[in-house]
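Worth saying up front: this structure is predicted, and the values here are computed from it rather than measured. Note that these values count all heavy atoms, side chains included, but never hydrogens, waters or copies made by symmetry. Residue numbering restarts at 1 for every chain, and letters A, B, ... go by the order of the sequence lines.
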Protein chains: 2
Amino acid sequence: MSGKGLEGITAADSAICSIDGEKGELRYRGYDIHELAEASTFEEVVFLLFDGELPSRAGLAADTKRLARERAIPAALVDQLRAIPRDAHPMASLRTAVSLLGHHEPDAESHDPIVRRQISERLVACTGTLVAALHRLSLGKEPLAPKPELGLAANFLYLASGEVPSDAAARAIDVALILHADHGFNASTFSARVTAATLSDVISAATSAIGTLKGPLHGGANEKVIEMLLQIDEEGIEPEAFVLRSLEQGEKIMGFGHRVYRTEDPRATHLRRMSKALADSTGDRKWFEMSQQIEDAMREAKGLNCNVDFYSASTYHQLGLPTRLFTPLFAVSRMAGWTAHVLEQLADNRLIRPRAKYVGPGPRPYVPTTDRS
Amino acid sequence: MSGKGLEGITAADSAICSIDGEKGELRYRGYDIHELAEASTFEEVVFLLFDGELPSRAGLAADTKRLARERAIPAALVDQLRAIPRDAHPMASLRTAVSLLGHHEPDAESHDPIVRRQISERLVACTGTLVAALHRLSLGKEPLAPKPELGLAANFLYLASGEVPSDAAARAIDVALILHADHGFNASTFSARVTAATLSDVISAATSAIGTLKGPLHGGANEKVIEMLLQIDEEGIEPEAFVLRSLEQGEKIMGFGHRVYRTEDPRATHLRRMSKALADSTGDRKWFEMSQQIEDAMREAKGLNCNVDFYSASTYHQLGLPTRLFTPLFAVSRMAGWTAHVLEQLADNRLIRPRAKYVGPGPRPYVPTTDRS
């Protein structure tokens with residue numbers, strides 16, 4: 001049995017997230033992603049992913065309050081973040097920051113499921129704080145203290161920009177966090193499970209996931225999309241002409257196609273709507289319309305649907321989010337899925353160790369150094 | 001197609017290492033592990049793993065010299081290591097140290113295969129320096145500067161202990177490094193490939209691998225073996241009685257069984273010989289004989305062969321290596337295999353993304369918070 005890149009291979013059971021690639025359906029614990037994006041909050045989704053059920057009204061209030069308290073990071077850790085060069089790749093910085101965070105978790109090595117769950121929750125709470133602190137340090141600014149009265153999305157925007165965001169901006173980021181929170185055995189989540197399955201710790205698993213999300217074939221894709229939009233804008237070329245020129249030159253258009261979906265990715269549907277709503281509300285329709293034209297051209301030329309990364313680029317850009325923060329924001333959200341999967345993996349663990357098909361040289365005798373040319 | 005833990009699933013082609021689990025054979029690039037352990041050096045094995053061929057005589061001399069020069073780490077990095085708590089888990093410290101090292105690699109984000117290969121080589125050269133520096137800092141001692149005139153194994157022992165080792169001790173560690181350098185798609189190597197396959201960078205892949213090796217089901221196993229030997233010694237119980245008592249209590253005896261080998265792991269054969277030779281040379285036969293009695297008891301009681309971890313414990317302990325360094329030493333060696341696999345993955349890349357079999361709740365409608373109890 002084989003499949004390059006494990007395509008089509010089932011690696012384990014999971015009760016967290018179901019994806020119907022034919023119908024274009026995504027559900028967290030049985031709840032449709034569209035209903036969650038319309039009515040839920042990221043905080044609620046975090047606890048749904050962790051616990052398998054929507055929290056009670058009182059439970060949600062208590063959980064949300066606790067999560068807000070856990071956003072603060074130790075001052076000693078902030079000092080350690082100062083040692084990271086300002087021009088480092090934001091995801092490389094986050095990889096180091098989360099690894100350093102582990103040294104501030106006194107029970108990081110505990111195998112107690114309750115402790116692991118607490119650390120997971122703190123990771124979800126802190127990742128936005130780490131991302132925003134690294135961002136401000138990279139600009140030569142001082143990190144800010146979290147505001148516990150704000151929701152996680154609003155607080156993230158505040159920590160990154162220094163300004164409390166509008167309700168509309170906060171809700172847009174909240175929805176983006178909901179949409180990105182989990183997606184089955186994507187590469188970063190799978191790497192977290194591979195790490196956890198040796199009975200290593202939650203911090204190590206999260207560090208692996210960040211390093212994996214970092215790649216342009218995964219979390220880095222929406223940055224590539226906005227770079228493309230900015231290039232089209234600068235060149236003043238028609239989006240359709242740009243697509244055809246790129247395809248002719250054998251270049252890849254980022255933000256299209258998906259290993260799992262055969263129809264439209266439901267997250268793309270939602271992000272397209274958000275991108276349009278932002279364009280409608282500001283009157284600046286450039287980024288949305290350019291995206292739409294690229295989408296049409298790609299459907300016509302290659303028959304490919306856009307994926308989650310495509311409209312998140314124009315959405316984030318319209319919200320004024322710096323491009324450097326696109327992939328880290330993905331990490332803030334996916335930390336919920338990563339840690340939920342680590343907890344699930346550890347609840348019924350089996351070492352993840354596939355085989356390689358050997359295609360190298362056959363048996364040959366060793367030649368001593370002195371007998372070599 | 002499915003297999004929990006991907007057991008028996010072929011994840012990709014590889015030309016680096018072949019394992020015949022039925023015959024108990026392990027080969028790097030076609031060369032039998034026994035011949036390499038007897039006649040080669042770790043440095044030579046590193047270049048064999050990277051390049052696919054044994055280097056020429058002149059090439060080996062130049063490569064070894066370059067590798068020796070690359071062992072030094074920047075003073076600024078040593079200062080960053082001081083911020084890691086002294087009592088941190090040695091593999092958690094190494095995870096942070098390698099992630100920090102990435103910020104000192106100006107071309108860490110390069111997609112140039114030659115640059116990636118250079119970074120891989122520096123990682124192999126530096127890992128021992130990082131492990132030894134962290135070890136000395138944990139003891140409140142100052143890290144030492146590498147001695148380029150020593151081989152990698154001798155230099156590692158010098159950096160960790162402050163004393164230039166005997167030729168016999170250095171050769172024993174050299175052989176251990178050769179034996180541990182690669183082993184197909186073991187969990188840590190596989191995690192490195194999963195990370196690299198999103199087109200992330202070599203440092204991220206190495207960081208994932210360290211976090212994965214950290215777990216007691218993988219690199220942590222030989223530490224558990226020595227803890228068992230020390231416990232048997234302290235209790236004064238007969239090794240056979242200890243084994244039977246543990247099995248009766250449903251406890252696992254570490255260092256036995258392997259996902260791939262159905263007969264004896266050839267690395268175990270070699271390490272048993274090394275453990276015996278050390279016992280013969282010092283006259284202190286306690287640790288070797290205790291190990292042998294446990295091995296006999298396990299074969300009789302469970303029909304299980306010992307694996308690579310079992311005799312590495314008594315070997316390292318007889319060499320005076322602190323238990324805290326057992327897993328980090330594994331990382332010093334396996335860094336060669338990890339980076340060779342990352343370079344191979346990137347030479348013909350495909351995103352590694354398996355599927356999950358969904359076993360959670362079926363579709364259900366979202367219930368607004370206000371309608372919940």
Between A:Glu35 (side chain only) and B:Pro365 (backbone N and O only), is there a donor and an acceptor less than 3.5 Å apart? no
Under the salt bridge (charged side-chain N to carboxylate O under 4.0 Å, His left out) test, residues paired with B:Glu25 that sit two or more places apart: B:Arg27
Max heavy-atom pairs within cutoff under 4.5 Å with chain A, candidates B:Gly360, B:Gly211, B:Ser208, B:Ser99, goes to B:Ser99
Among A:Ile19, A:Leu36, A:Asn349, A:Ile84, who wins on heavy-atom pairs under 4.5 Å with chain B? A:Ile84
Under 4.5 Å from a heavy atom of chain B, the part of A:Asp201 involved: both
Would you please test A:Lys214 and B:Glu109 for salt bridge (Lys or Arg N to Asp or Glu O under 4.0 Å) and show each step? CA-CA 10 Å; A:Lys214 177 172 178 290; B:Glu109 303 306 327; 2.5 Å; yes
Can you see whether A:Thr370 engages B:Arg57 through a side-chain donor-acceptor pair at a distance of less than 3.5 angstrom? no
Hey, does the side chain of B:Thr198 reach the backbone of A:Thr212 with a donor-acceptor pair shorter than 3.5 angstrom? yes
Kindly indicate whether the side chain of B:Phe190, heavy atoms from C-beta on, has any atom under 4.5 Å from the side chain of A:Arg355. no
Hey, which of B:Gly102, B:Ala108, B:Ala92, B:Gly184 has the most heavy atom pairs under 4.5 Å with chain A? B:Ala92
Top of A:Pro85, A:Pro216, A:Pro354 for chain B proximity - count of heavy-atom pairs under 4.5 angstrom: A:Pro354
Under a 4.5 Å heavy-atom cut-off, does chain A meet the side chain of B:Leu60, its backbone, both or neither? side chain
Do A:Thr369 and B:Leu54 come within less than 4.5 Å of each other through their side chains, counting heavy atoms only? no
Starting at OH of B:Tyr366, measure out to CG of A:Asp32 and round the result to the nearest 0.5 Å. 13.0 Å
Which answer fits B:Ile210, side chain, backbone, both or neither, if we ask what part of it has an atom under 4.5 Å from a heavy atom of chain A? neither
Under 4.5 Å to a heavy atom of chain A? For B:Thr41 that would be neither
Shortest non-hydrogen contact between A:Leu351 and B:Ala187, atoms and distance: CD1-CB, 4.0 Å
Passing candidate, side-chain contact (heavy atoms from CB on, under 4.5 Å) with B:Lys4, options A:Ile352, A:Asp13, A:Asp348: A:Asp348
Just by modelled atom types, is the A:Gly362 backbone N or O under 3.5 Å from a matching donor or acceptor in the B:Arg29 side chain? no
Side chains of B:Thr207 and A:Thr207: closer than 4.5 Å at any heavy-atom pair? yes
Counting only heavy atoms closer than 4.5 Å, note whether A:His183 contacts chain B via side chain, backbone, both or neither. both
Toward chain A, the part of B:Asp79 with a non-hydrogen atom under 4.5 Å: neither
Heavy-atom pairs under 4.5 Å with chain B are the metric here; pick the option from A:Val260, A:Val194, A:Thr96 that has the most. A:Thr96
Got a second to check how far B:Leu217's CG is from A:Ser200's OG, nearest 0.5 Å? 10.0 Å
Looking only at B:Met91, B:Glu44, B:Gln345, the option with the highest number of non-hydrogen pairs under 4.5 Å against chain A is B:Glu44
Taking the side chain as every heavy atom from C-beta outward, state whether A:Arg95 and B:Ile203 have any pair of such atoms under 4.5 Å apart. yes
Which region of B:Ala197, side chain (C-beta onward) or backbone (N, CA, C, O), has a non-hydrogen atom less than 4.5 Å from a non-hydrogen atom of chain A, or is it both or neither? backbone
Does the B:Gln80 side chain pair with the main chain of A:Ala83, one donor and one acceptor, at a distance under 3.5 Å? yes
Would you indicate whether the side-chain heavy atoms of B:Tyr358 and A:Cys17 approach each other to under 4.5 Å? no
Is a side-chain donor-acceptor pair under 3.5 Å present for A:Ser56 with B:Arg372? no
Using a 4.5 Å cut-off on heavy atoms from C-beta on, say whether the side chain of B:Arg353 contacts that of A:Asn186. yes
Proximity breakdown for B:His34 and chain A, heavy-atom pairs closer than 4.5 Å: neither
Using heavy-atom distances under 4.5 Å, tell me whether B:Asp20 contacts chain A through its side chain, its backbone, both, or neither. neither
Against chain A, label B:Pro368 side chain, backbone, both or neither, depending on which of its atoms sit under 4.5 Å from a heavy atom there. neither
Are any non-hydrogen side-chain atoms of A:His103 and B:Ser93 less than 4.5 angstrom apart? yes
Examine distances only and state if a side-chain atom of B:Ser191 and a backbone atom of A:Ser191 form a donor-acceptor pair shorter than 3.5 Å. no
